[in-house]
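Report on the structure given below.
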Amino acid sequence: MKSFLNYISEIFKGVWTLLIGMKVTAKYFFTPWKHVTQQYPENREKLFIAERFRGEVVMPHNENNEHACTGCGICELNCPNGSIEIITKSILTEEGKKKRIIDQHIYHLGMCTFCNLCVKTCPSDAIVMAQTFEHAYWDRTQLTKVLNKPGSKIMAGVKE
Amino acid sequence: MEFEKYDFTPITQSIHQALLESTTPLLTLIIEWTIIGVLYLLFVAVFGLFLVYAERKVCAAFQQRLGPMRVGPWGLLQTIADFIKLLMKELIQPKSVDSFLYNLAPFVVIIVPFLTISVIPFAPGLQALDFDIGIFFVTAVSSVGVIGVLLAGWASNNKYSLIGGMRSGAQIVSYELSVGLSLITMVILAGTMQISEIVLLQREGWFLFKGHIPAVIAFLVFIVAGTAETNRGPFDLAEAESELTAGFHTEYSGIKFAFFFLAEYINLFIVSAMAVIVFLGGWMPFHIGGWDGFNAIMDFIPGLVWFFMKVLGIIFLIMWFKWTFPRLRVDQILTLEWKYLLPINLFNILLMAFLVLMGWHW
């Protein structure tokens, strides 16, 4: 008898919990203004992108074609899937000392997971996340980018 | 009765008479068959496309997303674009499959909804076939679909497809019982198997209300079993992509794959339509006894509109299930059917028979 009552109460309990679940999704269905997604931005003039949006890694240059990258390689070390390659070169400074500076900061967009670790760990804040969002190309080689512009040099006053 | 003003019988009869007068009886029959066939093909294609679109939008709304928005206004042309894509895809046939059975399976699956849909009354007088064993015909014909599923699983020359086919087959065969028994419960109440008769019997009140508690139980069982029989969530084991890669239709591509999905969506329509016909009065308007003004307004809405409103309501309910409940394991599916639904159903038949025997039913 007891097992029979258990059987009956199990049915009602099961139906009740299912109804609770349906109540939750019904609330989602009937509050369409709370949608978490938005339509693909066709209207570029009114487009608002959150500041923290991570599109791709870029290296800002100032008007004299100078950047803040010292070529220390910390971003390369911190990248979990190796999408950053730092190629350095040695130059002679005016005082006659040997100095290591950045030759090419290579960034593989196709391998990037947009984790932001490179930007966070950069000691001189040389790289930032840009807000661009259309990264489809016909050719895979175009996903490999050199971040420092040709002929650029390091800014004065960046601690090395 | 009030609903006679929207009766389609005069129109169909006048077409029939005009054809008879201009041609021979045999040619009339052939022309009428062709017209009905083309109409059903059109209906299945258009309604199938609409259901796929509706599913994607409803799913999106339940998950607080927008859903398709890109193709056409509100993404209305999305499913048409999908359909064109599926048509142009290459039909790949794996090596050493049983070629004949492999190609036959999608057609067996798609024929079933076409056969079943023929007995559904869309409006007064708008029914292709009106057997006096209508309900029996529906249950008998809809059980053919499982053969297509098993054929697809067997002929694919892939052990995972075979396992998927067996699992889907076991599921469909099990839940066929519950669907049949809950329909039998309502046949006991109605006292007839003729579908047009069942609809007409509900002119004073839908069976869901007239049949008291056993009708409500039968309705709930029918909805659960019908959801399972059409292989839809939360019973969509066949689509459990982490366990079986799409089950029995893994090896199908392009339009053959689309046939399986079209059949699923039309089966969804048929299950909803059967629920509406047997429990919610088919194309009958909603009436409340004594409220004559209210009833007159309800009568003003055509039967076709009533039918599709109710069917879409049930379809929405089943979609709601799919996007709310977690997917069941295969043992849970069989437990639900054999331990819960079937005993409840058998008891429910006794209850209904007792109710009818005592004359408490209307």
Side-chain angles (χ1 to χ4, degrees), chain A residues 1-56 109-110 113-114 131-138 140 143, chain B residues 54-76 78 178 213 216-217 219-221 223-224 227-228 233-235 313-328 332-333 335-348:
Chain A
M1 189 64 202
K2 201 177 171 207
S3 63
F4 179 70
L5 285 179
N6 268 342
Y7 174 86
I8 300 288
S9 73
E10 231 171 74
I11 292 171
F12 280 100
K13 226 186 282 173
V15 171
W16 180 246
T17 49
L18 289 179
L19 286 178
I20 290 172
M22 286 176 76
K23 199 185 95 183
V24 172
T25 44
K27 208 172 77 189
Y28 292 156
F29 188 86
F30 291 108
T31 49
W33 54 89
K34 280 189 178 168
H35 280 170
V36 292
T37 56
Q38 49 178 296
Q39 202 172 348
Y40 190 82
E42 309 276 1
N43 190 347
R44 295 296 152 88
E45 287 83 50
K46 288 185 196 164
L47 185 60
F48 168 74
I49 290 185
E51 212 177 291
R52 302 193 312 176
F53 178 77
R54 298 172 192 166
E56 63 172 328
L109 176 59
T113 57
F114 310 101
Q131 276 155 0
T132 50
F133 54 87
E134 281 171 333
H135 295 306
Y137 296 104
W138 290 106
R140 210 164 61 128
L143 291 168
Chain B
E55 169 102 290
R56 293 178 69 170
K57 276 296 194 192
V58 167
C59 158
F62 276 127
Q63 297 173 346
Q64 299 208 310
R65 296 186 287 112
L66 281 172
M69 291 291 277
R70 185 90 171 156
V71 190
W74 303 288
L76 272 168
Q78 181 66 54
S178 277
I213 293 167
V216 176
I217 296 174
F219 179 67
L220 294 177
V221 169
I223 291 291
V224 173
T227 313
F235 308 98
I314 300 283
I315 286 175
F316 176 75
L317 187 70
I318 291 177
M319 284 182 178
W320 190 356
F321 290 161
K322 175 159 182 168
W323 300 110
T324 303
F325 302 145
R327 184 180 286 135
L328 273 73
Q332 289 170 332
I333 283 187
T335 307
L336 176 68
E337 163 65 16
W338 295 101
K339 197 176 160 192
Y340 294 98
L341 288 187
L342 196 65
I344 291 171
N345 227 330
L346 291 172
F347 171 75
N348 197 33

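Worth saying up front: this structure is predicted, and the values here are computed from it rather than measured. Chain letters run A, B, ... following the sequence lines, proteins first, then strands; residues in each count from 1.
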Ring-ring centroid check B:Phe316 B:Phe321, cutoff 6.0 Å: no

Would you say that A:Met22 contacts B:Phe325 through its side chain, given a criterion of any heavy-atom pair below 4.5 Å between the two side chains? yes

Would a 4.5 Å heavy-atom cut-off, applied to side chains only, mark B:Ile344 and B:Leu220 as touching? no

A:His135 side-chain N/O to A:Gly55 backbone N/O, donor-acceptor pair under 3.5 Å: yes

Give the atom names and distances for all donor-acceptor pairs closer than 3.5 Å across chain A and chain B.
| residue | atom | partner | partner atom | Å |
| --- | --- | --- | --- | --- |
| A:Tyr7 | OH | B:Lys339 | O | 2.6 |
| A:Glu10 | OE1 | B:Tyr340 | OH | 2.4 |
| A:Met22 | O | B:Trp320 | NE1 | 3.2 |
| A:Thr25 | OG1 | B:Trp320 | NE1 | 3.0 |
| A:Thr25 | OG1 | B:Thr324 | OG1 | 2.8 |
| A:His35 | ND1 | B:Arg65 | O | 3.2 |
| A:His35 | NE2 | B:Arg65 | O | 3.3 |
| A:Val36 | N | B:Gln64 | O | 2.9 |
| A:Thr37 | OG1 | B:Leu66 | N | 3.0 |
| A:Glu42 | OE1 | B:Arg70 | NH1 | 3.4 |
| A:Glu42 | OE2 | B:Arg70 | NH1 | 2.0 |

Check each atom of B:Leu317 against the heavy atoms of chain A and say whether the ones under 4.5 Å are side chain, backbone, both or neither. side chain

Donor-acceptor pair, distance only, cut-off 3.5 Å: does the side chain of A:Gln131 make one with the backbone of A:Ala50? yes

Tell me whether the count of non-hydrogen atoms from other residues, nucleotides or ligands lying under 6.0 Å of CZ in B:Phe347 goes above 12. no

